[in-house]
Amino acid sequence: MAETHLQATAPDRGFLTPREDYSGLFSWIFSTDHKRIGLLYFWSIVTFFLTGVTLGLLIRLELFLPGKTIVEAQTYNAMFTLHGVIMIFLFIIPGIPAAFGNLVLPIQIGAKDVAFPRLNLLSWWLYAIGAAMALGSLFSGGGAPDTGWTFYVPFSVQTTTNVSLAAFAVFILGFSSILTGLNFITTIHRMRAPGMSWGRLPLFIWSLYATAWVQVLATPILGITLALVLVERLLGTGLFDPTRGGDPIMFQHLFWIYSHPAVYIMVLPGMGVISDIIPVFARKPAFGYKAIAVSSIAIAAAGSLVWGHHMFTSGMSDMAVLVFSLLTFVVAIPSAVKVFNWVATLYKGSISLDPPLLFALSFILLFAIGGLTGLVLGAPATDVHVHDTHFVVGHFHYTMFGGTGMAFFAAMHYWLPKIYGRMYNKRIATIAWGLIFVGFNVLYLSMKVVGMQGMPRRYYDYIPEFTRLNQLATVGSWILGIGVFLMFFNLIRGTFRGQPVGDNPWGGATLEWTTSSPPPTENFEVDPVVTHGPYDFKAAGIL
Amino acid sequence: MNPQIVSTTETVDFVFFFIFGISAIMLLGITAAMVYFVVRYNRKRHPHPTSDKASNLTLEVVWTVIPSILVMGMFYYGWAGYLALRNVPEGALVVKATGRMWSWSFEYANGKLSDKLYVPAGQPVKVDIHSTDVLHSFYIPAFRVKRDAVPGLESHVWFNAEQPGSYDIFCAEYCGVAHAAMISTVEALTPHEFEEWYRGEPAAAEADEGEALLTRFGCIGCHSLDGSKKVGPTFQGLFGSSREVLSAGQKRTLTADEEYLKRSILEPAADIVEGFPPAMPAYQGQISEFELEEIIEYFKRMAGAKKTQSLGEQLMLRQGCVGCHSTDGSKSVGPTLKGVFGRQVKVLRDGKELTIEADEQYLRQSLIQPQADQVQGYPPIMPTFGALPEEEIEALVEYLKTLQ
Amino acid sequence: MSEVHKDYAGAKFGMWLFLFTELLLFGGLFILYGVYLHRYPEEFVKAGGELNVVFGAVNTLVLLTSSLAVAMSITALQKGNRRLTLVLLAVTIASALIFLVNKYFEWSAKIHHGLYPDSPHLKELAPGESVFFGLYYVTTGLHGLHVVIGGALLAWVFVQVRSGRVHAEDFVALENSGLYWHLVDLIWIFIFPLYYLIL
Amino acid sequence: MAEQEHGHIVGYSTFVAVWLALLVLTAITVAVSRIHLGPLNIWVALGIASVKSGLVIAFFMHMKYEGRLLRLSLFAALVTLAIFIGFTFFDVLYR
Ligand code: HEO
Ligand code: HEM
Ligand SMILES: [Cu+2]
């Protein structure tokens with residue numbers, strides 16, 4: 001099985017065919033083709049993800065024993081800051097929209113490209129520049145930033161490490177994200193193929209649409225907030241300095257006004273991927289299409305009302321605690337609706353447990369665990385105890401990694417064969433999935449438990465009582481790490497050396513499966529006209 | 001002691017139980033359904049789907065309404081529990097906790113200072129939380145309470161240690177390199193033991209009516225008793241000192257006598273001490289003549305009183321030196337201070353290695369400009385204490401010399 | 001110029017989306033303004049009194065007029081009057097410069113009086129006043145940056161119109177730059193009363 | 001679709017009228033700020049500024065002649081900003 005045969009007749013390489021205008025690297029970094037840009041994003045994001053994972057493993061290794069295990073406290077603080085910044089701003093936020101959104105959004109709506117192809121390229125460049133600056137902050141100025149990814153003042157204004165450059169980098173990355181969002185909204189409004197009515201949009205597109213609005217409307221607040229930190233550091237304006245009338249809690253408001261909606265920027269596209277994958281592998285239309293589409297919009301809209309739940313212990317007024325807690329629970333409802341719809345889609349289907357579906361199902365389970373622990377955090381009485389402990393760290397790894405991360409993996413296994421026209425080894429993919437699933441739960445469940453026992457997060461050192469669970473978590477991280485690296489090894493091998501696949505290996509009914517694998521430069525040989533819904537497998541001739 | 005007072009632990013644990021219970025049921029249901037469907041409707045058994053139903057209004061309404069009801073229940077208990085954490089029972093013992101990089105210190109009504117939180121078991125304790133530099137968070141896992149220490153903002157937690165014992169205190173808001181070392185303990189003593197500890201030496205200043213009043217009126221929120229600069233000028237050595245003030249825009253110099261002090265309390269805007277914001281509220285009409293006298297008396301006594309805990313020792317606690325330096329020879333974030341005076345130290349000065357003797361000058365220098373000479377093997381992270389008044393620097397140096 | 005077909009409505013929609021992000025960018029500063037005004041009403045009135053209403057009012061007039069000029073320049077181009085378009089654009093760009101010169105004098109006067117971020121004088125003022133000036137510098141600074149960008153954009157469009165690349169049949173570049181410029185004006189419409197007139 | 005739809009050509013006179021209205025409103029807002037109305041001052045100033053920006057958006061920026069999509073989007077953006085400011089006050093007003 002491991003042997004793959006290079007076919008004598010290599011498949012048509014579509015948009016991957018070397019181009020005349022530019023060659024080599026330039027044909028990528030100056031390309032305005034959404035698929036090439038999508039791949040640029042994909043590979044940069046994967047690189048940063050693996051960097052982030054490596055840092056995560058090192059963090060866990062340090063926590064294997066109390067006291068110093070491998071590094072000093074200052075290095076540890078820089079490590080989790082970098083881990084957080086990379087994972088949030090370089091992996092999870094751009095992750096699905098910028099990589100898979102770019103790869104399949106135009107094809108799924110039957111367009112030749114996005115609305116503003118050059119702007120799209122600019123977004124990637126901003127991403128690359130932002131990333132370079134973030135990494136540059138490690139080696140310049142006062143050394144690697146040590147604030148955590150949240151940049152809370154006054155510490156971030158006082159520390160001598162190179163927070164300024166890191167904050168500026170995130171500012172740039174924010175603009176990259178805004179431009180992608182702006183591009184997608186315009187594309188979805190203006191470039192749908194004839195017959196592609198709103199009711200026929202794949203659910204992935206609906207989720208990208210909702211996400212894009214959040215990107216456009218919430219990200220600027222992050223921009224101005226970090227710009228203010230920069231100004232505080234460089235000019236000393238004192239806007240957050242309590243001795244001069246400023247209020248450090250206002251920084252937290254501004255930060256979370258963006259960063260809570262950002263968690264929906266992270267998860268909505270993932271939910272979209274799941275909503276697209278489950279029907280295909282169950283050969284059944286998505287149950288409650290309307291409810292899923294509407295709940296994406298509802299999550300996006302209501303998501304901007306709850307930021308204060310990160311601040312229950314901050315010293316914010318009790319009135320605000322009341323309001324933000326209430327609304328937090330309201331926002332949970334549309335997510336619950338989605339989960340029920342996904343499960344219902346499986347009912348009486350014809351289910352094929354291929355790797356994309358395995359990842360999709362683990363998304364549902366892990367996201368549910370993450371979401372339900374989110375309810376613990378949304379209730380102020382319980383949040384007071386677990387706030388800023390490893391319980392929160394467990395919560396957000398379950399939602400971000402167990403949720404969006406799994407969706408990203410599902411999307412890779414689902415769409416990469418389309419993009420490269422070659423299939424990975426499914427058996428190895430399943431083994432890798434198993435390792436990831438087991439390792440993940442061992443790792444983060446232990447962290448949740450040790451958090452319940454009171455171990456604060458961002459702790460380099462801990463009291464001996466916490467040792468057992470920390471060791472268990474670290475062992476889990478090794479299993480997870482092996483799984484992740486095995487998965488990527490298999491995928492990368494598959495994309496270059498795997499068996500060629502046909503146009504529609506999974507039996508999907510959305511437009512991307514009607515064009516060749518890999519798709520041609522302008523996506524379709526003949527301009528498509530849409531005559532049926534995204535999950536109408538009968539009309540698509542699959543059934 | 002007081003049977004009506006449910007402990008914070010019980011209150012919060014009930015909410016945990018409630019939310020986890022519902023969550024577990026939901027999660028089990030979803031997982032079971034998923035696994036069952038995947039097995040039951042596998043493509044091997046069913047090459048074709050046996051239904052293509054894509055919506056069912058009743059079902060969808062049901063599974064929207066039920067979670068809505070459940071989460072409202074969670075909200076209700078979550079909020080009710082939070083209120084219980086916020087509303088301090090009457091008669092609670094009040095302790096002031098101050099967080100700084102990277103230690104906690106606790107101050108009692110009688111002026112007693114401690115780096116551990118001693119409390120009587122079975123009695124509610126209210127901890128007023130302050131920070132002098134960045135954000136910290138006062139966290140006692142055993143009692144399920146936590147609240148951020150925000151510079152310029154006072155907040156509180158309360159708890160009731162039902163059993164005598166020792167409970168961990170953590171800093172839960174990231175505050176820099178020694179964040180994880182910013183830990184202390186609650187020492188819950190029997191009421192009798194506590195009384196003994198509380199009355200025992202070394203009481204910093206005579207606990208008296210005057211000082212209690214300063215706490216009650218919130219004066220010490222802005223004025224220190226130890227010479228350190230806060231929002232307002234310190235009370236240390238206030239009585240009889242000379243003051244540079246702005247009166248209606250005019251600069252003048254006054255002596256802090258009875259008349260001046262009374263005026264400053266009743267109508268603080270009349271004379272504003274130079275270098276301080278005109279932030280103090282007027283106490284006219286809020287304070288009785290008797291209380292006013294009591295406070296003035298206190299100022300007078302304070303000016304003449306001798307401290308039993310030396311100033312240097314107090315400063316070691318207050319300024320948080322002990323957060324990073326041990327006094328017992330053990331290695332911590334920074335070098336130990338035991339026997340520091342006269343020790344040979346290897347330092348890095350302008351990138352060059354030197355070995356020098358820790359004399360007075362060196363100790364002074366390390367406080368004012370810690371980065372000038374960096375002791376080998378330790379990170380260059382010590383904050384500067386250059387802002388301390390000179391006499392406090394000297395007091396610290398004197399005290400360091402005694403740590404042999 | 002690889003795009004074969006141009007979607008004008010799409011381009012304009014995209015521009016509006018961008019304006020929303022700009023609006024929210026300033027929005028962060030307006031949140032802070034609101035909160036601190038609530039907390040320090042008297043200090044804000046006192047500090048606001050130090051700002052020169054004349055500078056503010058003149059700059060308001062300059063910006064309103066420049067907005068008028070851009071708006072009219074589009075009509076002019078639509079009607080095929082290129083010369084008038086160019087004149088109106090020149091008026092707008094000149095306004096941008098006048099605005100900046102004005103701002104320069106205003107800031108220098110303030111700085112001369114020791115009112116700049118982190119200045120010793122500012123540190124002595126009441127906390128609320130220091131916050132006011134902090135916000136004042138950040139907000140007008142960011143706005144000034146937008147004036148510079150907007151002016152540059154219009155200068156570029158000016159060249160395009162003159163060379164005939166932007167014309168009566170294809171003027172979305174002018175329209176979008178105009179939209180940007182109006183946004184600069186919109187923000188100022190709020191800055192002016194909030195900072196200069198709070199008396 | 002190689003040429004731009006002409007859309008609505010707004011006459012010069014409309015623009016000039018709007019401009020005059022803006023100038024008058026500016027004068028009013030300056031004048032009103034001299035009268036002491038207490039906290040009302042700020043609301044009056046904001047009210048006038050909103051009217052002014054409404055005029056700029058409707059006429060100078062052609063919103064009056066645009067379709068539903070743009071108007072709804074603008075509405076969404078403004079509501080979002082209002083929420084961000086308003087909800088912050090749940091903390092600030094009650095602290
Ligand atoms: C992808 C990212 C993501 C997602 C989707 C979520 C989703 C949610 N989050 Fe989380 N979060 C995310 C990422 C983060 N959260 C955080 C922190 C955080 C905090 C602050 C904790 C603290 O600091 O003390 C709270 C209160 C929540 C609540 C919630 C809630 C209620 C949801 C809901 O949206 C979940 C909805 C899902 C549910 C409910 C499960 C599915 C439904 C089922 C199974 C049906 C049954 C349901 C019911 C009975 C309702 N989050 C932090 C910390 C940042 C930091 O401090 O560093 C991050 C990064
Ligand atoms: C093998 C994988 C991973 C491991 C072992 C890991 C481990 C950890 C650990 C132990 C912490 C807590 C550090 C502390 O509080 O002291 C942490 C923090 C964090 N992780 Fe991960 N993680 C992994 C993957 C991810 C992924 C995929 C994401 C995002 C999608 C992520 C996002 C974060 C964030 C945002 C933080 C918070 C950083 C901060 O406190 O500023 N991690 N991680
Ligand atoms: Cu949140």
Side-chain angles (χ1 to χ4, degrees), chain A residues 21 31-33 112-119 171 174-175 177-179 181-187 189-191 212-213 215-228 230-232 234-247 249-251 253-255 257-258 522, chain C residues 1-40 43-44 47 116-120 122-139 141-142 145 176:
Chain A
D21 45 358
S31 170
T32 56
D33 179 354
K112 290 192 169 73
D113 205 322
V114 292
F116 309 113
R118 276 174 298 171
L119 200 64
F171 181 87
F175 270 88
S177 173
I178 289 174
L179 293 183
L182 181 162
N183 220 334
F184 284 1
I185 296 178
T186 315
T187 309
H189 270 287
R190 305 288 310 169
M191 317 241 328
W213 273 105
Q215 284 175 295
V216 166
L217 293 181
T219 317
I221 304 279
L222 175 75
I224 192 69
T225 311
L226 292 178
L228 283 175
L230 211 65
V231 173
E232 293 278 313
L234 302 180
L235 303 178
T237 38
L239 287 180
F240 299 126
D241 178 354
T243 60
R244 301 183 30 211
D247 181 354
I249 296 180
M250 279 314 296
F251 171 87
H253 276 296
L254 288 177
F255 183 82
I257 283 179
Y258 166 74
E522 297 215 310
Chain C
M1 299 278 151
S2 61
E3 289 139 286
V4 208
H5 90 115
K6 275 197 172 178
D7 175 6
Y8 296 99
K12 210 156 65 174
F13 185 44
M15 189 64 201
W16 270 100
L17 290 173
F18 186 69
L19 296 190
F20 297 158
T21 68
E22 292 277 14
L23 185 71
L24 269 299
L25 190 73
F26 280 96
L29 294 174
F30 285 124
I31 294 174
L32 283 182
Y33 180 91
V35 170
Y36 288 142
L37 173 69
H38 171 78
R39 194 163 296 167
Y40 306 109
E43 289 84 350
F44 265 46
Y116 53 88
D118 218 17
S119 70
L122 216 52
K123 280 185 181 158
E124 281 170 16
L125 292 179
E129 293 184 47
S130 145
V131 164
F132 179 88
F133 283 109
L135 271 176
Y136 163 78
Y137 275 104
V138 174
T139 313
L142 187 64
L145 191 68
N176 278 350

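Naming: A, B, ... by sequence-line order, numbering from 1 per chain.
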Checking C:F18 against chain A: side chain, backbone, both or neither under 4.5 Å from a heavy atom?
both
Under 4.5 Å from any heavy atom of chain A, what part of C:L142 do you find: side chain, backbone, both or neither?
side chain
Quick one: which of [options] has the most heavy-atom pairs under 4.5 Å with chain C, could you say?
options: A:L235, A:T225, A:D113; result: A:L235
options: A:I221, A:T186, A:T243; result: A:T186
options: A:I257, A:L228, A:T219; result: A:L228

Got A:F240 and A:D247 here, is their nearest side-chain heavy-atom distance under 4.5 Å?
no
Could you tell me whether the side chain of C:F30 reaches within less than 4.5 Å of the side chain of C:L24, counting heavy atoms only?
no
For [X], is it the side chain, the backbone, both or neither that has a heavy atom under 4.5 Å from a heavy atom of chain C?
X: A:V216; answer: both
X: A:L182; answer: both
X: A:L239; answer: both

Heavy-atom pairs under 4.5 Å with chain A, option from [options] with the top count:
options: C:L135, C:I31, C:V138, C:T21; answer: C:T21
options: C:F133, C:F20, C:Y36; answer: C:Y36
options: C:G128, C:G27, C:G28; answer: C:G28

Determine yes or no for a side-chain-to-main-chain donor-acceptor pair under 3.5 angstrom, with [X] supplying the side chain and [Y] the backbone.
X: C:Y40; Y: A:G245; answer: yes
X: A:E232; Y: A:G238; answer: yes
X: A:D241; Y: A:G246; answer: no

Between A:F171 and A:F175, does a ring-ring contact (aromatic ring centres under 6.0 Å, His included) hold up when you go through it step by step?
CA-CA 7 Å; A:F171 181 87; A:F175 270 88; 5.3 Å; yes
Just jot down the ring pair (Phe, Tyr, Trp, His ring centres under 6.0 Å) partners of C:Y33, sequence neighbours excluded, or say none.
C:F44, C:Y195
Give me the ring orientation class for A:F255 and A:F251: parallel if the planes are under 30° apart, tilted from 30 to 60°, perpendicular past 60°.
parallel
